[in-house]
A.B. asks: 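Just passing along the structure, written as structure tokens.
Any value given below was found using the heavy atoms of this structure, including those in side chains, with hydrogens, waters and symmetry copies removed. Since this is a predicted model, take the numbers as computed values, not measurements.
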Amino acid sequence: MKKYIALFLMFSTGVFAQNINDYKYAVVPAKFSFFKEDNMYNLNLLTKMYMQKYGFETYYDNEKYPMDLANNNCSKIFIDVVDNSNMFTTKLKVVVKDCKNNILISSEEGASREKEYKVAYNEALRMAFDNFSVLKAHKFQPLQKSLEMIGEPITNQMLIKKYNVVATKNGFNLITAESDYKFFQIFKTSSNDVFIGNRDNVSGVLIKKTDNWFFEYYQNDKLVSEKVEVKF
């Protein structure tokens, strides 16, 4: 199972980075849920500044949006901060969500043992952002440009297969009764839209995109994306 986890980490980093690069806009709350006031300790302003630093056109959730942002709710990512502090340590984690409230990716926790709250919260948040490698590498790329960079073939429609689903302890077995029988094992992750996949010695990820499933893996240093017909 360890090799599957390592494989998932390798693939998921690339997949999520590519997803993040599809976004031009970011929305930051004017007030975090764990505080009673807007921009407490200047954390919301600090979050907005970091998102701008990492290449996002960023707005508070109570600001007036430009036309293209207002008309397309799914053209932006939503930034939140989770407070996991205890009596001795201030701990903050940055969470990135899409328009359907799905978590795309989250940072490692930033931590501070400073006693003064304002100093501690700022230090912990800066640490979380400074170590958020996926956001730091963000470079907005419209979908068409992203596909050109990946190279052909990105999707091979001739490889569409329909599978039956058999539940297992850690995921599912996908089975097709066609003459070119393939046994396809997938394993659950923390996301309902991403599975670690292993099919006939080919390892990759099964990922859901706009209600369709795709099995993605590398072949001769090129990304292959096969559409898969399956219902869970």
A.B. asks: I'd like to know if the side chain of Y54 and the backbone of F129 have a donor-acceptor N/O pair within less than 3.5 Å.
C.D. replies: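 Judged by distance alone, yes, a pair lies under 3.5 Å.
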
A.B. asks: Tell me if a side-chain donor or acceptor on D61 pairs with a main-chain N or O of A30 at a distance below 3.5 Å.
C.D. replies: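 A pair under 3.5 Å: yes.
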
A.B. asks: With no hydrogens and no angle check, is any side-chain donor or acceptor of N102 less than 3.5 Å from a backbone partner on D98?
C.D. replies: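 Answer holds: no.
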
A.B. asks: Checking side-chain contact (heavy atoms from CB on, under 4.5 Å) for the pair N212/K227: CA distance, chi angles, key distance, verdict?
C.D. replies: CA-CA 7 Å; N212 291 311; K227 188 174 181 180; 3.7 Å; yes

A.B. asks: Please name the residue in the list V95, L135, V96 that meets the side chain to side chain contact (heavy atoms under 4.5 Å, CB included) test with I105.
C.D. replies: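 Single pass found, and it is V96.
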
A.B. asks: Is the backbone of V94 close enough, under 3.5 Å, to the side chain of S107 for a donor and an acceptor to pair up by distance?
C.D. replies: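 The answer is yes, because a donor-acceptor pair under 3.5 Å joins these two groups.
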
A.B. asks: Should the heavy atoms of other residues, nucleotides or ligands under 6.0 Å from OH of Y117 be counted, would the total exceed 12?
C.D. replies: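 Atom OH in Y117 is not packed in, count stays at 12 or less.
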
A.B. asks: From L46 CG over to K53 NZ, what is the distance, rounded to the nearest 0.5 angstrom?
C.D. replies: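 Taking CG in L46 and NZ in K53, the distance rounds to 10.0 Å.
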
A.B. asks: Consider only side-chain heavy atoms of I, L, V, M, F, W and Y, link residues closer than 4.5 Å, and tell whether M40 and Y50 are in one cluster.
C.D. replies: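 They do share one cluster, since a chain of ILVMFWY contacts under 4.5 Å joins M40 to Y50.
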
A.B. asks: Are the side chain of N84 and the backbone N or O of K91 linked by a donor-acceptor pair below 3.5 Å?
C.D. replies: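 Between the backbone of K91 and the side chain of N84 there is no qualifying donor-acceptor contact (under 3.5 Å).
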
A.B. asks: Spell out, as yes or no, whether a donor-acceptor pair under 3.5 Å connects the side chain of N44 to the backbone of V28.
C.D. replies: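 Pair absent, no side-chain N/O of N44 close to backbone of V28.
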
A.B. asks: Do L92 and V119 share a hydrophobic cluster, counting only Ile, Leu, Val, Met, Phe, Trp and Tyr and linking them when any side-chain heavy atoms are less than 4.5 Å apart?
C.D. replies: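 No; V119 is not reachable from L92 via cluster members.
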
A.B. asks: Test side-chain contact (heavy atoms from CB on, under 4.5 Å) on V228 and L206; report intermediate values, then the result.
C.D. replies: CA-CA 9 Å; V228 173; L206 184 69; 4.2 Å; yes

A.B. asks: Could you go through the side-chain contact (heavy atoms from CB on, under 4.5 Å) check for Y217 and S203 one step at a time?
C.D. replies: CA-CA 6 Å; Y217 57 91; S203 299; over 6 Å; no

A.B. asks: Testing the basics here: between D193 and W213, what is the closest heavy-atom pair and its distance to 0.1 Å?
C.D. replies: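 Closest heavy-atom pair between D193 and W213: O-CZ3, 3.6 Å.
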
A.B. asks: Could you please spell out the steps behind the side-chain contact (heavy atoms from CB on, under 4.5 Å) verdict for F215 and I186?
C.D. replies: CA-CA 10 Å; F215 182 48; I186 60 173; over 6 Å; no

A.B. asks: Does CD belonging to E108 count more than 12 external heavy atoms closer than 6.0 Å?
C.D. replies: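 Count not over threshold, so no.
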
A.B. asks: Taking atom CG as the centre, does N86 end up with more than 12 heavy-atom neighbours from other residues, nucleotides or ligands that are less than 6.0 angstrom away?
C.D. replies: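 Above 12, so yes.
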
A.B. asks: Kindly say whether F56 contributes a backbone atom to a donor-acceptor pair with the side chain of T58 at under 3.5 angstrom?
C.D. replies: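 The answer is yes, because a donor-acceptor pair under 3.5 Å joins these two groups.
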
A.B. asks: Is it the case that one hydrophobic cluster holds both I77 and M49, taking links as side-chain heavy atoms less than 4.5 Å apart, direct or via other members?
C.D. replies: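 Yes, I77 and M49 fall within the same hydrophobic cluster.
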
A.B. asks: Output yes when a side-chain donor or acceptor of S225 lies under 3.5 Å from a complementary backbone atom of F214, and no otherwise.
C.D. replies: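 No; judged by distance alone, with no hydrogens or angles, the pair does not exist.
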
A.B. asks: What's the shortest heavy-atom distance between Q219 and V224, and which atoms?
C.D. replies: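 What the structure gives for the nearest pair is CB-CG2, 3.9 Å.
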
A.B. asks: Are Y41 and F35 close enough that their ring centers fall under 6.0 Å?
C.D. replies: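 When the ring centroids of Y41 and F35 are compared, they turn out to be within the sub-6.0 Å range.
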
A.B. asks: Donor-acceptor check, side chain of H138 to backbone of M51, threshold 3.5 angstrom: yes or no?
C.D. replies: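 A pair under 3.5 Å: no.
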
A.B. asks: I'd like to know if the side chain of S85 pairs up with that of D83 as donor and acceptor (distance under 3.5 Å, no hydrogens or angles considered).
C.D. replies: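 The criterion, which ignores hydrogens and geometry beyond distance, is satisfied for D83 and S85.
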
A.B. asks: So, K31 side chain and K36 main chain: donor-acceptor pair closer than 3.5 Å or not?
C.D. replies: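 No; zero donor-acceptor contacts below 3.5 Å.
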
A.B. asks: Going only through I, L, V, M, F, W and Y residues with side-chain contacts under 4.5 Å, is there a path from M127 to Y121?
C.D. replies: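 They do not share one cluster, since no chain of ILVMFWY contacts under 4.5 Å joins M127 to Y121.
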
